[in-house]
Amino acid sequence: MTFVSVIRRIAACLALSGLALGSSGCQSMIVFDPKGPVGAQERDLIYFTIGLCLIVIVPVLLLTVWILWRYREKRSGSVPYQPEWSHNTKLEVIWWGVPIVIILILAIVTGRYTHALDPAKPLKSDVKPVTIQVTSLNWKWLFQYPEQGIATVNYVVIPEKTPIRFELTSDGPMNGFWVPQLGGMIYTMSGMATTLYLQADEPGSYLGTGGNFTGREFAKMAFPAEAVKKADFDQWVSEAKSSGNVLTEDNYQLLAQPGVADKLTFASIPQGLFHKIVHEYSMSRGAPAGIDQKAITLSGELAKEHTEGGQLAPDSEPSVHAGQAGRSGRHGHLIDGSGTTQDQRK
Amino acid sequence: MLDNLKDFASWFFVTGDPLIYGADVSIVMTVIAILFVLTFFKKWGWLWREWLTTVDHKRVGIMYIISALLMLFRGGFDALMLRTQLAYPDMKFLSPEHYNQVFTTHGTIMILFMAMPLMFGLFNIAVPLQLGARDVAFPFLNALSFWLFFFGAMLFNMSFVIGGSADAGWLSYPPLSEMTGSPGVGEDFYIWGVQISGIGSLMTGINFIATIVKMRAPGMTWSKMPMFTWSVLASCIAIIIAFPVLTVTLALLFVDRYLGAHFFTMDGGGNSMMYVNLIWMWGHPEVYIVVLPAFGIYSEVVATFSKKRLFGYASMVFAMMAISVVSYYTWLHHFFTMGSGADVNTFFAISTMIIAIPTGVKIFNWLFTMYRGRISFPTPMMWTIAFIPCFVLGGMTGVMLSVAPADFQFHNNYFLIAHFHQVLIGGVAFGYFAGLFYWWPKMFGFKLNETIGKWAFWIWNIGFYVCFMPQYVVGLDGMTRRISTYGWDTGWWGLNFTSTIGGFLMGLGFLFTVWQIAHSIRFMEKDTTGDPWGGRTLEWSIPSPAPIYNFAITPVVTERDEWWEEKQRNAAGKASKKQQPLSPIHMPKNSALPFIQAVCWFTAGFGLVFHWLWLAIPGLLGVAATLLAHSFNYDTDYYIPVDEIQRTEAEARRTV
Amino acid sequence: MTHSANHTNELVHEDGHHDLEELRKFGFWLFLITDCILFSVLFATFVVLREGTAGGPGPKDIIEMPGVIAETFILLTSSFTSGLAVLSLNKGSRQGLIGWLAVTILLGACFIGLEMSELLALISEGHTIRTSAFLSGFFTLVATHGLHVSVGFFWILAIILQLSRHGITPVTTRKVQITSLYWHFLDAVWIFVFSVVYLMGVM
């Protein structure tokens, strides 16, 4: 194997992978084609990170090729050979120093962006935010509009140029809510509510998807996020309100059963359903029959103590976080050994 | 009666899928073939005496490596099934349930039953030899570690045909992995398979720390220890700190599933996020556990094939120790999207980036080891060179992922998948291949065919880039991980199809590797020198394969690259050190107990999977009995007499 | 046998290798680190889940301090007698060594007995591991410690038998030292169980 052929093949290798990259065209990468302020800032941050990394990586790759070329054994004689040379303080200071400086810069930028792009931080806007309560179910999404009193399943409609306050929870395994062109992902978790602010700057139908594996029909959890003009949104709301399809508590329990669903629209929602999902329903999904459990009933007093969600205080440590979730478990309901769960022991 | 039996069988065995039936048939055929060969050639006694009861670190190492290569086949086959399913939109090749089982199995096998044993195999082969030691600190425990790994892996693999596999992802997040989400036995197979082999890993960690700390040859101070051994020490420190966390986490999950406890359940006040935290407190150091020894291998290989001292030894050691410590403070970067708040995310983002610093330093040191060297390009070096650009790119995407707000856009999509495959294949697998080919002559006494090896190398590498580069793109195009199918409207087809082609190229690379090994066995090119590469460290100073006692005379170390310096001294005509006279060598006796105890663990594990106490209790009693039997056994060692040592050395054409 | 073991050690020294028994003690220290981490994780989960009573009983409702104090006293005493056993070992008194080891594990058995009755009483009142996350954490932590003590019981029993067969040799000496270390470790863990689970529970 001559060295020239090594280089040729490396080049071929890179060309092939470049082809693979180019075949789709970077244009179509939706993360790089944001339609809202959050997504745009995240894209800028990604570009900045890539740029910063390239400062180190390009010289390293060039250096690798040069060293391999120059000091290959076949060429020996014309180039120096120093088998004992193994230490040089000046050089080592340089290559400890350069990465430290770059990481320092990146750390400062990351710290600033992490606070600026905190998902729970309201967006600066003159328009009053619209609240949408998102529940991930097995295997469908429920979107409730508490201010409008309507709900949808497996699609969400939002007004453009309006901050949307998503409150997210899960009635089942942990999932993730992700609309790449509007902004980053956030987990939906049972027994607690997370908050995510997003905004669409122009009308369009954007891909939304589930971010964390939840079982059999997980692949069916993609949903369209449709951004429409304010007037169209109002019209859509009034149409939905007149559709006559009502979401009741019983309907919800049916919806929460494992299975897939079509797109649905509900003209009304029960009072405080999201709250109940977070604090009651999602915390009473017990193991299937077969494990004989003693039911524990919750005293009426405890039930009143419900607080607002399990969202973390920004400065809390993960263990504290876990502790809070554990505490909210106190408000949990009776352990229900049957009913909602399937028994499919193979 | 017959109906009952039928019911039982249809529940006990996995049924209803032609792929599974095919696998059933091939498994039965393979087992029959193995039994036949062993009986026909009267190899049972040989197998038992020489392998199943051995406590020799070199043989344990070989058994680790063979198991790891078999698991690589299994995990790789799983990968190809996944890629086939994703090659076209709306594919019907695997049902969603089957797809979920396959990706869970693929991940678990590749990390826990392929990377770990391959790594332990290389530990076993190289570390005692590099230290100038006769064996590891606790040879009995070492054999037990191997058999626990082996039977843990068997238990996990059995779920493929019996009972059904785990399908909640390789880390089995609850509540999906709880009885509510996974009522089948698959999760229990996962728990016990990983648990049993995990106990083995923990013991290996203890064993190798003790070996390295206490059994270095006279004169080998810390600053004269070979770099691979340093990397093993760093990795083992991480093992003994991280693996107990895994043990507890899996035990708690099992208590939840079996006794109905509420650690991670949705009801009863349980907290599933605690599991996510705990599993990553093990899971993240685990990544460094497997990559650190690979760094050690690169250091050995680069120095050997550049015919030059390793550059920046102190920096290298410091960098590895730093990585091993900082890796405990980064686990939360696996779930920035949990909404832990900006301060927490910032902390873990920065701690993650910090790891890039020592890693980057190591790359520079390797480059400057080659600088002003004489670089030759046999296969171990090829893998090492391929590692550098691959890992640099993987490291760059890693730094991108560590930026918390940007991670919101990368998390759990194919960008992440491409990143960790790039560091795990480009960093870990390439390193272990380099190590395997590097130490192969020392293990078996012959070199592997270079030409076929180079073919395998190029096919692997091209396959790798074709497979994973498109995944970065498709991830940024919104394709999340673990989806079993996608629609035509997504526009992801072209990239996925390319990626599948790359996957199959890597599969072809694996076949070339198999061919390379088979060809090399057939046309064996014996290594009579014991030092085929012009090595630098002590393992190359003894014959290949190493005699059972490793070193006839315990070497005395005066320099960092002792063997290289010794060769220089000899070439310069400087008088060699005065040889000590031979004396009888103290060796541990073989023992059947590790094997039997692991069988007992396997029985107990199988019983617990099916909640059959009538099987689990005898199994656990068997474990206790073998422990006691070992404690009461005082006849555990013997001496190799001097004339036998002389005979062995003479056979290896050595004069003592 | 005894002779052979002595012989082994001398030769190992001559070989320039390190003392085999020292090596094993070092290995055991490493094991204790892992066990320490194991308990730390269990403590952490317990603390996280302590409030997760799901409407069931809390710590104050289930903890009976007198029994726990008795358990503590017994285990601390057994640690002391384990220390006396090592003193006898150093003096070379086989009789004293076996005697103190026997006292140690008898105290250990009393501890286990009391703990079992405490836990069984809870279960009979309907407070089981299934009741709530708090009780899951409680049972698992306490039972894991109890399991360790039970293992120690059988282990030391086995060593008593070996001592009566082989006498005090480098091998048995090492074994006694290791088990003593183990026993003290379990005592230390119990102090934490006592403070974190019981004292903080009733406070």
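Chain A is the first sequence line, chain B the second, and so forth, proteins listed ahead of strands; every chain is numbered from 1.
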Residue pair B:His586 / C:Leu20, side-chain heavy-atom distance below 4.5 Å: yes
Validation row: C:Val41, B:Leu252 side chains within 4.5 angstrom (heavy atoms): no
Where C:Ala133 and B:Gly270 come nearest, the two heavy atoms and their spacing: CB-N, 3.8 Å
Segment of C:Phe26 engaging chain B (4.5 angstrom heavy-atom cut-off): side chain
NZ/C:Lys91: more than 12 non-hydrogen atoms of other groups inside 6.0 Å: no
CD/C:Glu64: more than 12 non-hydrogen atoms of other groups inside 6.0 Å: no
From CZ (B:Phe208) to CG (C:Leu30), nearest 0.5 Å: 13.5 Å
Residue pair C:Phe139 / B:Val255, side-chain heavy-atom distance below 4.5 Å: no
More than 12 heavy atoms of other groups within 6.0 Å of C:Trp29 CH2: no
Minimum side-chain heavy-atom gap B:Phe632-C:Leu161 below 4.5 Å: yes
Region of B:Leu202 that comes under 4.5 Å of a non-hydrogen atom in chain C: side chain
Part of B:Val248 lying under 4.5 Å from any heavy atom of chain C: side chain
Heavy-atom contact with chain C under 4.5 Å, split by part of B:Ile240: both
Test log, rule side chain to side chain contact (heavy atoms under 4.5 Å, CB included), inputs B:Leu278 and C:Thr45: CA-CA 9 Å; B:Leu278 287 174; C:Thr45 54; 3.8 Å; yes
Over 12 foreign heavy atoms within 6.0 Å of CE, C:Met116: no
Straight-line distance of B:Asp267 CG to C:Arg130 CZ, nearest 0.5 Å: 12.0 Å
Value rounded to 0.5 Å, distance of OG in C:Ser136 from CG in B:Asp256: 6.5 Å
Non-hydrogen atoms of B:Gly269 and C:Leu49 that approach each other most closely: O-CD2, 4.0 Å
Greater than 12 external heavy atoms within 6.0 Å of C:Phe192's CZ: no
Nearest-0.5 Å distance that lies between atom OH in B:Tyr634 and atom OG1 in C:Thr172: 5.5 Å
Neighbour count above 12 (heavy atom, 6.0 Å) for C:Phe80 CZ: no
Pairwise side-chain contact, C:Leu23 with B:Phe138, heavy-atom cut-off 4.5 Å (strictly under): yes
Most contacts with chain C, counted as non-hydrogen pairs under 4.5 angstrom, among B:Thr247, B:Ile206, B:Leu141: B:Ile206
Heavy atoms of other groups near C:Phe194 CZ, more than 12 under 6.0 Å: yes
C:Trp183, CH2 atom: more than 12 neighbouring heavy atoms under 6.0 Å: yes
B:His262 NE2 to C:Phe134 CZ distance, which is reported to the nearest 0.5 Å: 13.5 Å
